[in-house]
Amino acid sequence: MRTIRRALLALLLVAASAFVVACGDDDDGGATTAGGSTSAATDAATETGQTGGTLTGYYTSSPDYMDPALTYTVEGWNAQWVVYTPLLTYRHTEGAEGAELIPGLAEDLPEISEDGLTYKLKLRDGLKFSDGTPVKASDFEHTIKRVLNLESGGSAFYLPIVGAEEYLKAGKPKGDIEGIETDDETGEITIRLKERVGSFDYALAMNFAGLVPSDTPFRNMTRNPPPGVGPYKITRSVPNRGFTLEKVPEFADYGIDGVPTGHLDTIDITIVKNQQRQTDDVINNKVDYLIDPPPADRLREVQDKAKGRFEPYVTNSTYYVFMNTREKPFDDERVRQAVNYAIDKRAMQRIFGGLLAPSCNFLPPGMKGYEKIEPCPYGDPTAEPDVEKARQLIQEAGAEGASVTVWGNDEDPSKPVTEYVADVMSQIGLNAKPRIVEASVYFQTIGNQKTKAQAGFANWFQDFPHPANFMFLINGASIQETNNQNFGNVDDPEINDLIDGADANPDLDEAAPDYAKADRLAVERAYVAPYGNRQLTKLVSDRVVWDSVIAHPVYEVDFSLLQLK
Amino acid sequence: MARFVVRRLVGMVLVLFAVSVLTFLIFNVIPNGDPAVRMAGKNSTPAQIEQIRKEWHFDESLPQQYLFMMKQIFTGKLVSYSDQTNVWEQIRMGLPRTFALGIGAAILWMTLGILLGLYSAVKAGRISDRVLTVLALIGISMPVFWVGALMNYYLGYKLEWFPNGGYVEISEGGIGEWLYHLILPWTALAILFIGVYSRILRSNILDTINDDYVRTARAKGISERRVMTRHVLRNSLIPIVTLWGLDFGLVIAGGAVLTESVFDLQGVGQYFAEAIGRLDVPPVMAVTLLGAVFIVVLNTVVDIVYAVLDPRIRLG
Amino acid sequence: MSEPILEIDHLQVEFRTDEGVVHAVDDVSLTLAAGEVLAIVGESGSGKTVTAMSLLGLNRSPNATFRGSARYRGTQLLTASEDELRAIRGAEMAMIFQDPMTSLNPVQRIGDQIAEQILAHEKLTKAEVRDRVVELMDRVGIPRAAERARAYPHEFSGGMRQRVMIALALSCSPSVLIADEPTTALDVTIQAQILERLKELKDETGTAIILVTHDLGVVADIADRIAVMYGGRIVEEGTVDEIFYDPQHPYTWGLLGSITRVDRDRGERLPSIAGLPPSLLAPPEGCHFRARCPHEFERCGQGPPLEDRGAGHPDRCWLTVEQKRARRVVDDGEIGLAAKVAVEASPEGLVDRRETPPGAPSRVAGDAGAAEDARVAEEDR
Amino acid sequence: MASTDSAATDFSDDLPAELAAEERRAPAGTGPWRIALRRLRRNKVALAFGVLFLALVAVSLAAPIWAEEVAHTTPYQNRIADTITIDGEERNIVEFDGVPIGPTWHGEYFLGADRNGRDVMVRLLYGGRNSLLIGIGASIITMVLATLLGLLSGYFGGWLDWVISRCFDVMWAFPVILLGVALGVSLNISGITIGPLELESGSLWIPTVIIGIAYVVYLARPIRGQVLALREKEFVEAARAQGMGPWRIMLTELLPNLASTLLVFFPLIVANAILLEAALSFLGAGVQPPEPSWGLMISEGIEFLTSAPHLTIAPGIMLVLTVLALNIFGEGVRDALDPRAKIRLEH
């Protein structure tokens, strides 16, 4: 299951430093198109495409929930973005533009008070849920209540609201969230925060905040998803089997700028665990769309057989080896450098089946604040590593023969990466052994200080196109006892200061150089050993208009834009 | 008979209790991470985790936790820790597939096992018998996931004779598609058993053929075919039939985990395998218990059938 | 005596095994007249059962070789096709087996097992068959026959099962009944009942019987003629009286000596024949009984043919009739294998023989044998 | 070819019981073990496969020699971005798209590489060591536990028998593979310490112990039955009458009589244990990386079935050969010792 990075929280907490972040990562999550992708925006494909038709698709794993309050996986968001439109939403485009907030069900972007604590919004007129129920302002409060009361993974994003914590603790669904005032007559919504959270508007754009009617029960509605406001509605949802989305024609009447009204009549998604079969079927045009890339085993064939409907794209992600600065031998910078010198990024690329862009930076290239570190202190990422130098450094540090357990999980490609890293460490003089644990407990395990994980596999996918989203991973302030995301316990005052300063700066352009500097310092001081950025793929059948296939930075392929020939 | 059933039922309850406690202990005594933390997600707050712990009774003592889980199992309210889907619902969805796989394979292995075993016994010592013997032993020696994967690859992917895994409901694709998708899984699962059964039947027949009553039958002047079917086969099959019941129970109860996973049939076995990959205890618990029920019930049924088939056996 | 209905001529049966060729039956010739009772007597391994089975082709197999001939009313049994044999089995020649405990199919009702044979040979309705079965069971003395026909073999005692076997054998009124040790597995009292029943039935139906047994005692009452077999050969053949009162072969003496007799004192040891029967894999040259025979002398190294040496019936022993008659008396007119004196004279020799594998006599045994030879030779002079 | 049916079966096939009895009457001075050995020696096919098994063991034991002398590598060495020269042609060990090289039929990468650029042949041999070690180790555990429990339960009877028999019922009802996977997954996360026994996560002992325990019931039940029968035999009565204690009786009177059963079961249990190990490793609950095992190699290989089938086929063939050899040899042993023994194991 692909769980989305929890990094958004970090962004939210830029101003609320008292709050401690807890973010983790599985494997490849929400992807952003950063690389040069050809497809243009919304209206690109009208000339060749038709309106209507049924698109079939395969997911490898079921969305965790078909309930906007609960779902926190790429699958869930991919499916539900077009069903539950929040008050605010993202522009439906590829690349950086896709990260831009636009009004969704709200008439306009929020009006934020001087002190940054009060957010005022107004609901559009005449909106109806897909079952015909008119949308009321109070539905918003109900929506947030469900997120909190159901202990959704997204609750933390709404805890800054006044009274939210009390509501959560009381555990009574009927209770009131003091900080949310709604007026069903005028459609006005006022949200008060206990503390300043500069990017609270992003929380309002999240899928969690996709509006549901006030009579939606306080329980997991996966079997019978509630109606929403969006171009599609869920007409079938069977966990672990699949679901169906059908077009809501009325949505076009609302005329919400920037939110497409959809071309397809029906989207039919089936859960097929066997990725070989997925690949066969899409190559043979038996199915139109795959959310996951084909297995590495088949890439060559796919490239050959699916010309013009297959394309890898670089995501805003970073893959790195964490090294615990609190544990021997990685408390010694030379040892960490040695690892950086020794890791062969070309080898990593091959382990990823080619779907990895080798990199020296910790920040991904699609991110503001990314400045390519050149020359890379550890040699060209695309060239042979300097193993001799690494051995020498280990000797200098007197770390020869030091025992190291390299942690990884059993999901692809973590396992082979971990085995490779352990072998590399052994080659340069350490005594390293891999240790593979179940993916479901992996981050919990290495994020527990008691584990004293020395080194291991780590990666990060953005849910949010903001460098803070990545940099908190190496910020000393994010270290915690359990659920730690700063696996290496990186705590360099200079880097901390740079990140904190940049995070506080509302002007991202202005803060970008500081992020770049922190990035460079982290690499030079070898706090982490980044090796590249993950590539994902777009792969559809011949029936699909290629230009309508876009990869949104947060939600991946946008169903509301897809079109059949 | 009634006493026998009652006694078996009591025994079954005890066995199931023990199985459930054992399963529960495996996951709760051996440290394997905090389910509350897993459920809360990666950006949860301590308060939230606490809340989950309370709601899911993780803060209680082990016996209480056990009781809570059993209560949920028996009230049908058991939900998965990882996605909160109702476990029974998921099992109900998977069961027809597991049964389709198990029953089909069982019929296949029984039929072929009998045919090959009989043929082998009749031709005992000849070349054809020896070839069959070797084939049977090779069948017994092959891991099902390996054969399954190779079959899937060569017959499904390369030659495209069969679909590359997957299950099609009869209601969706009709009986033809359903069969077409199940042929490879049936074969893969049955191979092992065909080997075992044909070997056992062969040796049973060779034992029986020397039994005195077979000689008696021959001395009656009845046809050789009748001697073979009415006397030799009939008696040789009794142990096979009982074995069949037991094996069928084992297959339904988890023996099909690998086959289901390799062919992506999404039956109960695969559900189990995935749940265990997520350390999701409720499904594991439910499937294990269900499997145990199956085994115990089929054991009882087999004992009854045995008593019917062989009048010498008394239920006790 | 009427025309023979069964003629066995120079029958030889061999089995190929992993160990070598087993010469189970070696040159056996016998005849059986209608209504006659012929007993074949011998230890286990003497070939008597193989002979009986060969008649019905029950021991045919790729590894078995049959030579000679066995003719039943013109049908050559040894070469008959399975179909021909099937028509004879049960209908013309029926067989009763040694162990009634295992000779019935445990999972088939008694009545059905009998009915199966009837139906194999006669076209009858179900009801007719049922009546016949009940009548047969009744006739062999099974009480409540109609009800018992529905029972399974395990619900019957051994004696009752043997009655079932007899009923089964008689169900098609065969001309020849082969009874292979029909009483061996039974209690002594039951034995008598079964034999009695067989005799009555024989008298009623006029069926000829071949009674195969290791116990001479059981044949005295019922048999007309007796063939004594040893090591795959017939060593002596004659009427009951001839065998009992004028036995010619030392082996027969031994058998007679080991008959259970009511008039013998309790506690007195039953004499038995020392040593093991010969290996059929590599039968010794000459007389097969040689190794165990206290009367052995050098001529025994070449096979004595089966011929009448003046006693009025044929046997296979080189000794003269006079020698035989003199040596067979061991005690108060009792017939036995060796005179008491001889046994006492060389007890070690006998003990040693007992432990010596057949065909490989040890030095001691050889010496004892040599001593015996010398003694016999001297007497001959 | 393979004649796994016993001499005895063939024999009684063709001979009337009377003559078969003749054969059984062994010449003086020949014990049952001698006869069994003689029968086994005559079963050339079983012997041949027994030798094949020994050869596989020997080859596995020789893994370091192949690794050092021929392949010049270790089972752990990753050479992902390297190239090798085969017949003058320079080739990537792992292609840019991650597809590893197939069999070179040369010393290095004889059977090709895996996705980590490791030598499959070397890993196959080392994997054989692990698979065999676990298979044999587990079987020994099974033997010891099953004998102990079977003896205790059968000899003492009473409440002890009741308790042990009920435990067997529970084990019987627990599908082996579910039990194995559940235990394997749990134990590999953190290991476990029970008294003096410490199982570190990733240790080979974990699958060994799990498999050892999983099969106990299959052997303990027949042993218990046998002990029940033996207990009533005269020689046990006699021993008891002589005042021999229960433990001595078990050890000196009962155990030798169980030996043939144990011997019959042993090769077949090893075969099944190896298969179960493969299944557990396949599901990630057995041998842990970087240690190779055949099951693990198959599970890693299946992901590359289309582009690098050698990764799946090679370990599979080794596995099948080993298990087949054990099965055929095992049947030979069974036929020689106890042709009527019915053995059934689940894997």
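Proteins get letters first, then strands, A, B, ... in listed order; numbering begins at 1 in each.
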| task | Name the region of D/R118, side chain, backbone, both or neither, that has any atom closer than 4.5 Å to a heavy atom of chain A. | result |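 Side chain of D/R118 only, per the 4.5 Å heavy-atom cut-off to chain A.
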
| query | Which value, rounded to the nearest 0.5 Å, describes the distance between D/F96 atom CZ and A/R300 atom CZ? | reply |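 So the CZ of D/F96 and the CZ of A/R300 are separated by 10.5 Å.
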
Considering all heavy atoms of both residues, which atom of [X] and which atom of [Y] are nearest to each other, and what is their separation?
X	Y	result
D/N116	A/E419	ND2-CB, 3.8 Å
D/V94	A/R350	O-NH1, 2.6 Å
A/Q276	D/I302	NE2-O, 4.5 Å
D/N78	A/D423	N-OD2, 2.6 Å

Let me know if [X] has heavy atoms under 4.5 Å from chain D in its side chain, its backbone, both or neither.
X	answer
A/I436	both
A/E384	neither
A/P295	neither
A/D410	neither

| query | Do you know which of D/D114, D/T74, D/I80 has the most heavy-atom pairs under 4.5 Å to chain A? | reply |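 Top count of heavy-atom pairs under 4.5 Å with chain A: D/I80.
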
| Are A/D412 and D/R115 ion-paired here, with the side-chain N under 4.0 Å from a carboxylate O? |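 Here A/D412 pairs with D/R115 in a salt bridge, since their nearest N and O are under 4.0 Å apart.
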
Only distances under 3.5 Å count here; give the side-chain donor-acceptor pairs of residues 279-293 of chain D to other protein atoms, sequence neighbours excluded, each with its distance to 0.1 Å.
residue : atom : partner : partner atom : Å
D/S281  : OG   : D/E277  : O            : 3.1
D/S281  : OG   : D/E277  : OE2          : 2.6
D/S281  : OG   : D/V287  : N            : 3.1
D/S281  : OG   : D/S293  : OG           : 3.4
D/Q288  : NE2  : D/G284  : O            : 3.3
D/Q288  : NE2  : D/G286  : O            : 3.0
D/E291  : OE1  : D/N130  : ND2          : 3.0
D/E291  : OE2  : D/Y76   : OH           : 2.8
D/S293  : OG   : D/E277  : OE2          : 2.8
D/S293  : OG   : D/G295  : N            : 3.4
D/S293  : OG   : D/L296  : N            : 3.3

| said: Can a donor-acceptor pair be found, under 3.5 Å and without considering hydrogens, that links the side chain of A/D297 to the backbone of D/S307? | reply: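 Answer holds: yes.
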
